[in-house]
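Since the model is a prediction, treat every value here as computed from it, not as a measurement. Quick note: numbers below take in every heavy atom, side chains included, and nothing from hydrogens, waters or symmetry partners.
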There are 2 protein chains.
Amino acid sequence: MVVDRSPRLDRVFHALAHPARRAIVRQLSVGERTLTELASPLKMTFPAASKHVRVLEAAKLVRRRIAGREHRCSLRASPLKDAMQWTEQFRRHWEASFAALDTLLEEMKAQEQPRSRRD
Amino acid sequence: MVVDRSPRLDRVFHALAHPARRAIVRQLSVGERTLTELASPLKMTFPAASKHVRVLEAAKLVRRRIAGREHRCSLRASPLKDAMQWTEQFRRHWEASFAALDTLLEEMKAQEQPRSRRD
DNA sequence: GGTATAATAAACCAGATGGTTGTCGATAGA
DNA sequence: TCTATCGACAACCATCTGGTTTATTATACC
């Protein structure tokens, strides 16, 4: 169990590793969007944006519903939950480091008082 | 502000998108490790593992302290916090979908009762 | 000094990624 | 029906990724 063989997480983290794809996710968090709507704010051609949506689909972050000639996309957030749960298992680490920083700041504060009297 | 220009998040999510690198993070969550210790459980050559550690360093997820001939690596969790906070902004979406599933299950349950009497 | 060990560096490779342009099919609307 | 629009698809390209092998540097130990 040393290595984390989890292609689901691979795909989700990879999907989130590109600013355009994160932008798409945020757009979809507001509500359903067609491909052209998703593509228009991105500084790239339509086919490029379309590829990004496919990457998000592969990560199961986006569902596509074809309605006539337009493809309506919506967010599927559960893979985000998986990603968050993975990172959350290290919560105590960043909390610990902030606690350490707090302690340091406390100590600096405590030393500042006597030093200002000494000086 | 349409596109998410955040190279920090790019690097963090990209760093987490590979099973070997997630395995390294988990190893470091237990405590400090040298490069050879990090590489040994991975099914790849040492230089390959070393490259993965560099990717993690670029994402500021790993700090390296050189001690004689060995490089001691430790976890810097704060970028994980950033990644988690980004995903967390969509929490209500997956909670909503689970709420919807709950509702669905409730409805199915409610319909099951009369149907089992009908059958 | 001589040898084993920790790690880097460089060269190389196959395949993935991220983008483009151009062509095509299907649907909506005049 | 004709035209505009939404989108897929394919080809192409440069660059990045993830891995290898080989050689090299620097430290530790006998």
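- Going from atom CG of A:Leu35 over to atom C1' of C:dT27 covers 15 Å, rounded to whole Å.
- A close approach under 4.0 Å does occur between a side-chain nitrogen or oxygen of B:Ser50 and OP1 or OP2 of C:dT8.
- Within 4.0 Å (heavy atoms only), A:Arg21 reaches sugar-phosphate atoms of the nucleic acid but no base atom.
- For B:Thr36, no side-chain nitrogen or oxygen approaches OP1 or OP2 of C:dT5 to under 4.0 Å.
- Across the protein-nucleic acid pair, B:Arg64 atom CZ and C:dA6 atom P stand 15 Å apart, rounded to whole Å.
- Taken from CD in A:Glu88 to CD in B:Glu88, the straight-line distance is 7.0 Å, to the nearest 0.5 Å.
- Phosphate proximity of D:dT17 to B:His14: present, with a side-chain N or O under 4.0 Å from OP1 or OP2.
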**OP:** Please lay out, stage by stage, how A:Val53 and A:Arg64 fare under the test side chain to side chain contact (heavy atoms under 4.5 Å, CB included).
**Re:** CA-CA 9 Å; A:Val53 173; A:Arg64 178 191 305 235; 3.7 Å; yes
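- The backbone N or O of B:Leu16 lies less than 3.5 Å from no partner atom in the side chain of B:Arg21, so there is not a single donor-acceptor pair.
- Partner A:Cys73 forms a side chain to side chain contact (heavy atoms under 4.5 Å, CB included) with one of A:Leu28, A:Ile24, A:Thr34, A:Leu56 and no other, that one being A:Leu28.
- For A:Arg65 (side chain) and A:Ser74 (main-chain N/O), no donor-acceptor pair under 3.5 Å exists by modelled atom type.
- For the OP1/OP2 pair of D:dC16 and a distance below 4.0 Å, the side-chain nitrogens and oxygens of B:Arg11 include no atom meeting the criterion.
- Note on A:Arg54: a side-chain N or O is less than 4.0 Å away from OP1 or OP2 of D:dA8.
- Aromatic ring pairs are classed by plane angle as parallel below 30°, tilted from 30° to 60° and perpendicular above 60°; the pair A:His52 and A:His18 is tilted.
- Closest heavy-atom contact between A:Leu42 and A:Ala49: CD1-CB, 4.0 Å.
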**OP:** List the protein contact pattern of nucleotides 19-30 of chain D with one symbol per nucleotide (5' to 3'): B for base contact, S for sugar-phosphate-only contact, - for none; contact means a heavy-atom distance under 4.0 Å.
**Re:** BBB-----BS--
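- A rotation axis mapping the C1' atoms of four pairs onto the next four is fitted at both ends of the helix from C:dG1-D:dC30 to C:dA30-D:dT1 over five pairs, and the angle between these axes is 20° to 10 degrees.
- For D:dC6, neither phosphate oxygen OP1 nor OP2 lies less than 4.0 angstrom from any side-chain nitrogen or oxygen of A:Arg33.
- If you take CZ of B:Phe13 and C1' of D:dT17, they are 20 Å apart, rounded to a whole angstrom.
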Original post:
Step by step, would you call B:Gln89 with A:Ser29 a side chain to side chain contact (heavy atoms under 4.5 Å, CB included)?
Top reply: CA-CA 9 Å; B:Gln89 75 185 110; A:Ser29 75; over 6 Å; no
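- In this structure, CZ of A:Arg65 is placed 16 Å from C1' of D:dG7, rounded to the nearest angstrom.
- In this structure, CH2 on A:Trp86 lies 12.0 Å from OG1 on B:Thr87, to the nearest 0.5 angstrom.
- When rounded to the nearest whole Å, the span between CD1 of A:Ile66 and P of D:dA8 equals 8 Å.
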